[in-house]
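Basis for what follows: all heavy atoms, side chains included, without hydrogens, waters or symmetry-related copies.
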Amino acid sequence: MAEGAAPDRPAPPGHPTLRQVAEAAGVSIKTASRALNDEPHVAPRTSERVRAAADALGYRRNLLARDLRTRSASTAVGMVIADAANPFYNGISLAAGATLAEAGMLLFLGFSDEDPALEARTVQGFLERRVAGLLVVSSRTEHPELRSAIQQGVPVVFLDRPARDLAVDQVLFDNIGGAISAIQHLLAQGHRRIGVIGDHGALPTHRERISGVRRALREASIEIDERLLLTDAQDAAGAEAALERLLASPDPPTAVFTTNNRMMVGALHACARRSSPPALIGFDDLELADVLGTSVVANSPEEMGRRGAAMLLERIGGLTDRPRRVRLPTHLVPHRSTATSVPRDAEA
C-alpha cells in the first residue's frame, strides 16, 4: 500500500482494536494511539493514514473505560434528547433512567437542541465511550454513525420521532389519531375556522399531527384554509407571535390547535391578553393544565421512557427479533378552554 493511501479492507467483526488500526496503517500501536489522541510529534501524513484506517475499520476510542474488553461489560446507556428544559423530555428521561437503574444500568444524557450537527457529535461521543446502547430522540433524517454502530451490534431505540433511515426499535405516539380527536372535539363545539400553531415543519411528529388535522377537516367536509395553518413557530415565543398574527387577521379563527406543549405555552401568553380568546387545545399534556383549564391531547412521556428502556434492555440482553414499532395511545382531556360552543352567528 502506498504511503498516505487509505486502507482498503473490510472492518472485522465486533469492536476493532487499536492493534488492528496500527496494522492497517502500517505503524506501531504507540504511534496509532498518539495519532488518534492528537498528541504531538506525529507526522501529519502518518496521522491522516491512521485516522483513515480507524474510519475504515469502524474503530472508536473507549473513553469511558479503557480496560473494558467488550461492549457487554459496559453498564452505561446514552440518551439523546432535544431540549433539557422541556418537561416532556424530562418525563421520558426520568422514566427511562429508573427502568435502567433497576437493571443495574446508568443513563447518561446528551442534548441536541434540535441541532443535527450537535446531535451527531453527541451520538459519536457516546459511541466512543462504548455505551451498552442508545436511546435517541432525533432531529435528523440521516444517521450514518448510528448505521455503522448498529452493524457492529450496538442496540439503538428511537423515541417519539421515527428513524427514517434505520431498521431499529421505535416507541412513538399515535400522533394522527390524537390530532384527529382534538379537531373533532372543536368541530363538535361548532368551530369551523380552526387555526393551527405548529413547530418545526420538518419533524415527522409535526407532519403526522398536521396530517391528522387535515384528515379530520376533510372528513367533516370543511374546506381547509391554508392561511390558518402556521406550522414553523419553532418555540414558545414564535407560537405567541403566530397566534397574534392569526387573531389580528380580518377573519380570525374561533379555535386554535397547538401541536406540542411549547406551542401551547406561547399560545396561552397570547390568549391571556385577550378579553375573548379563541378556544384552545394542544397536543401533549401540560403541567397545571387542569388548573389553567386548558384542553389537551394527553400522552405519557413516562410510559414512552419505560417502554423504550425496556426494549433496549432486551436488545442488550441478546434479543435478535426483527425491529419493533410501538404506538402509544393518546386521549382527549377537555377543560374550560374548549367548553363554550360557538354562537350560531359566528359559525362559518
Side-chain angles (χ1 to χ4, degrees), residues 1-39 42-80 105 108 110 112 116-136 138 140-158 163-170 312 315-320 322-323:
M1 180 176 63
E3 184 179 0
D8 184 17
R9 66 180 65 183
H15 285 291
T17 66
L18 182 61
R19 179 182 296 277
Q20 291 169 319
V21 172
E23 290 175 352
V27 300
S28 68
I29 294 177
K30 188 173 183 179
T31 298
S33 177
R34 285 177 173 174
L36 293 173
N37 286 287
D38 296 318
E39 294 181 14
V42 180
R45 294 186 68 180
T46 300
S47 180
E48 290 174 5
R49 194 162 73 248
V50 170
R51 291 186 179 280
D55 289 342
L57 295 172
Y59 174 83
R60 295 187 182 87
R61 295 175 296 159
N62 186 349
L63 302 180
L64 182 64
R66 296 179 186 271
D67 60 337
L68 293 180
R69 291 296 178 264
T70 63
R71 176 179 51 78
S72 61
S74 176
T75 59
V77 166
M79 182 175 189
V80 183
M105 307 289 286
F108 292 91
S112 71
L118 177 57
E119 179 187 321
R121 292 196 300 271
T122 302
V123 168
Q124 185 64 34
F126 280 138
L127 293 174
E128 288 179 351
R129 287 157 177 82
R130 293 190 181 176
V131 292
L134 284 169
L135 297 166
V136 181
S138 182
R140 297 184 290 162
T141 58
E142 297 181 348
H143 307 83
E145 73 293 328
L146 280 177
R147 181 179 299 279
S148 174
I150 291 166
Q151 290 172 349
Q152 295 177 27
V154 179
V156 178
V157 176
F158 269 53
R164 290 171 277 187
D165 63 327
L166 301 172
V168 295
D169 290 337
Q170 306 177 58
L312 187 66
R315 293 297 183 186
I316 293 171
L319 181 69
T320 58
R322 297 175 61 182

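- Q170 contributes a side-chain N or O that, together with a main-chain N or O of A163, makes up a donor-acceptor pair within less than 3.5 Å.
- No side-chain heavy atom of V136 sits under 4.5 Å from any side-chain heavy atom of M79.
- When side chains are defined from C-beta on, V50 does not count as touching V42, because their heavy atoms never get closer than 4.5 Å.
- Considering OG of S33 and CZ of R19, their distance stands at 13.0 Å, rounded to 0.5 Å.
- Of the inter-residue distances, the one linking L146 atom CG with L127 atom CG reads 6.0 Å to the nearest 0.5 angstrom.
- Within the 4.5 Å cutoff, the side chain of V131 has no heavy atoms near those of the V77 side chain.
- Residues forming a side-chain contact (heavy atoms from CB on, under 4.5 Å) with T141 (at least two apart in sequence, or on another chain): R164.
- Looking at every heavy atom in both residues, A132 comes nearest to M105 through CB-CE, 3.7 Å.
- The two residues A32 and L18 make their nearest non-hydrogen contact at CB-CD1, 3.9 Å.
- In terms of heavy atoms, F126 sits closest to G110 at CZ-N, 3.7 Å.
- Contact detail for V80 and E119: the closest heavy-atom pair is CG1-CG, 4.0 Å.
- Between the side chain of D165 and the backbone N or O of H143, at least one donor-acceptor pair lies under 3.5 Å.
- Atom CD of Q124 has more than 12 heavy atoms from other residues, nucleotides or ligands within 6.0 Å.
- When every heavy atom of P144 is checked against every heavy atom of R140, the shortest pair comes out as CD-NH1, 4.4 Å.
- Judged purely by atom type and a 3.5 angstrom limit, R315 has no side-chain atom pairing as donor or acceptor with the backbone of V156.
- For R34, the side chain to side chain donor-acceptor pair (under 3.5 Å) test picks out no residue, with sequence neighbours left out.
- Side chain of T122 to main chain of L118: a donor-acceptor pair is present (N/O by atom type, distance under 3.5 Å, no hydrogens or angles).
- Across all their heavy atoms, G26 and R49 have their closest contact at O-NH2, 4.4 Å.
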